[in-house]
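Beneath this line is the structure, given in structure tokens, with notes to follow.
Numbers here are sequence positions counted from 1. First listed ligand is number 1; within each ligand, the first listed atom is number 1.
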Amino acid sequence: MKRIGVIGTGYVGLVTGTCLSDFGLNVICVDNDSKKIKAINEGIIPIHEPGLEPIVERNVYYKRLHFTTDMKDTVETSEVLFIAVGTPPADDGSADLQYIEAVARDIGRHMNGYKVIVDKSTVPIGTGQRVKGWVQEELEKRKAVYDFDVVSNPEFLREGSAVYDFTHPDRIVIGAETDKAIEMMKRVYNVLYLNETPFLETNIETAEMIKYSSNAFLAMKITYINEIANLCEKVGANVQDVAKAMGRDGRISPKFLHPGPGYGGSCFPKDTLALAETGKKYGAPITLIEQTVKANEYQKKLMVDKIEREMKGLEGKQLAILGLSFKPNTNDMREAPSITILNELAQGGAKFRVYDPIAYDEAKWRLKSIEDKITYCENEYETMKDSDAIVIITEWNQFRNLDMERVKSLLKHPYFFDLRNIYRRDSMEKQGFQYFGVGQGSRKGN
Ligand code: NAD
């Protein structure tokens, strides 16, 4: 097989290109962000993703992995082209396809022979056909005739474990219209195919639908347990026990049953919005997902209300904030609950001493509007000095074993808001904290 081109060198593109090169394929990753490509070529990996750096290094060393800004060369020298650019929400919630269109047109402009064009970005149902149209239009402008296939091959990796997920997927979904394209995709994923990863072959529209339905379902599952948690608080039940017992039911599974401050990140918020918009557009509303979007916004607000209520106001209060990234093991803060929560707490008059192990570069621009209220600290204990309360927003492992005597000696008041339920209420209360988890309503039997 000739080269694989990966267009867009972000979380998905960089991991895809790197892991494919580690499968022994010759890969070129292209991005129009020249600073990013320069940095990678100097050995600086722009994202924090466990295990990624040595694999990049190794494959660059063996000359199987290349990084460039040269789209023309990438298209001309590659047989399979993965599109892995962003698909952020437009103002109405639908996916903004401007980056996908730009790439599709670029491919059409530079195409010099048969290509398989693979949508790896999460794109609304029908985008594969539009990509085909954009490429064809550019070919016609050039009066060029080349055969090509468009494939939908959605990505299911999770940030924080992206390398593992890419190399150990639950399934590979291939939506295609020709046997030739399916065969090419099997060659790309040969290593996984030989390892008996389930391959699901279907049409393009179904593959696109699989990605949205999966993500929206997971977002809905989180939202469901969040709402159950809120009810638990009112009726004196403990959601941790509820979730544990529910999860034992094989039909339910224990995953994504952890209540918290609402889901965030670069995928669930935009994919739920986009699916809801697609449903409305086609007159087949997905009302559960429309409600999920609203309930998730409300969940973040509930966290702020709880802190304000229990502390009897926020004016002049200093909060020790642990964790800013949208989840542990990533520096990604796109749609992180911390952004909404800190902004709203700041509006109420609070100021913050914060700590996150790796998200400061992101945090400093995403929280710029309230920067005068934030002190960035070097470790978790520094945040607590003279603070009125501690608020755990992201469950980094290192926050799971805090020295509680030290915490108490540093805090001005023993308010402990654990928005990820990494501690148990009864044990924290015994240690003298005024502890508030999410859905830990019961004082007994924990
Ligand atoms: P990202 O923002 O990290 O990366 C996108 C990259 O594309 C950027 O580096 C950008 O500079 C580049 N780009 C934009 N336009 C370009 C162009 N015309 N030519 C070349 N490069 C261009 O985004 P991401 O998180 O990697 O997400 C990419 C897609 O994958 C999205 O559709 C997303 O929904 C989907 N996805 C993301 C994840 C995730 O965990 N991040 C998981 C599964 C699927």
Regarding [X] and [Y], does a basic nitrogen lie under 4.0 Å from an acidic carboxylate oxygen?
X	Y	result
Lys72	Asp70	no
Arg334	Asp332	yes
Glu137	Arg109	no
Lys38	Glu42	yes
Lys306	Glu233	yes
Arg424	Asp418	no
Glu297	Lys300	yes

What protein heavy atom sits nearest [atom], and how far away is it?
atom	answer
atom 14 (C) of ligand 1	Val85 CG1, 3.7 Å
atom 4 (O) of ligand 1	Gly10 CA, 3.2 Å
atom 42 (C) of ligand 1	Leu157 O, 3.5 Å
atom 20 (C) of ligand 1	Asn32 N, 3.3 Å

Per-atom contacts of ligand 1 with [X], taking only distances under 4.0 Å to non-hydrogen atoms:
X	value
Lys36	8 (C), 9 (O)
Ala84	5 (C), 28 (C)
Ser266	39 (C), 41 (N)
Gly86	5 (C)
Lys211	43 (C)
Gly8	6 (C), 7 (O), 12 (C), 21 (N)

On a heavy-atom basis, I'd like to know which of [options] is closest to [atom].
atom	options	answer
atom 9 (O) of ligand 1	Asp31, Asp165, Val15	Asp31
atom 43 (C) of ligand 1	Lys35, Lys120, Glu155, Arg334	Glu155
atom 35 (C) of ligand 1	Thr122, Thr9, Leu97	Thr122
atom 32 (O) of ligand 1	Ile37, Thr87, Ile100	Thr87

Handout entry: Donor on one side chain, acceptor on other, Ser94 and Asp92, under 3.5 Å
Key = yes

Practice task
Say whether Tyr114 and Asp149, considering side chains only, have a donor N or O and an acceptor N or O under 3.5 Å apart.
Solution key: yes

Problem - Close N or O approach (Glu159, ligand 1; < 3.5 Å) - result: yes

Problem - Tyr189 ring center near Phe23 ring center (under 6.0 Å) - result: no

Exercise for the section: Could you tell me if any non-hydrogen atom of Lys270 lies under 4.0 Å from any atom of ligand 1? Expected result: yes

Exercise for the section: Under 4.0 Å, heavy atoms only, figure out whether ligand 1 is touched by the backbone of Val12, its side chain, both or neither. Expected result: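 Near ligand 1, Val12 shows its backbone as well as its side chain.
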
Problem - Expected output: side-chain Lys221 to main-chain Ile252 donor-acceptor under 3.5 Å - result: yes

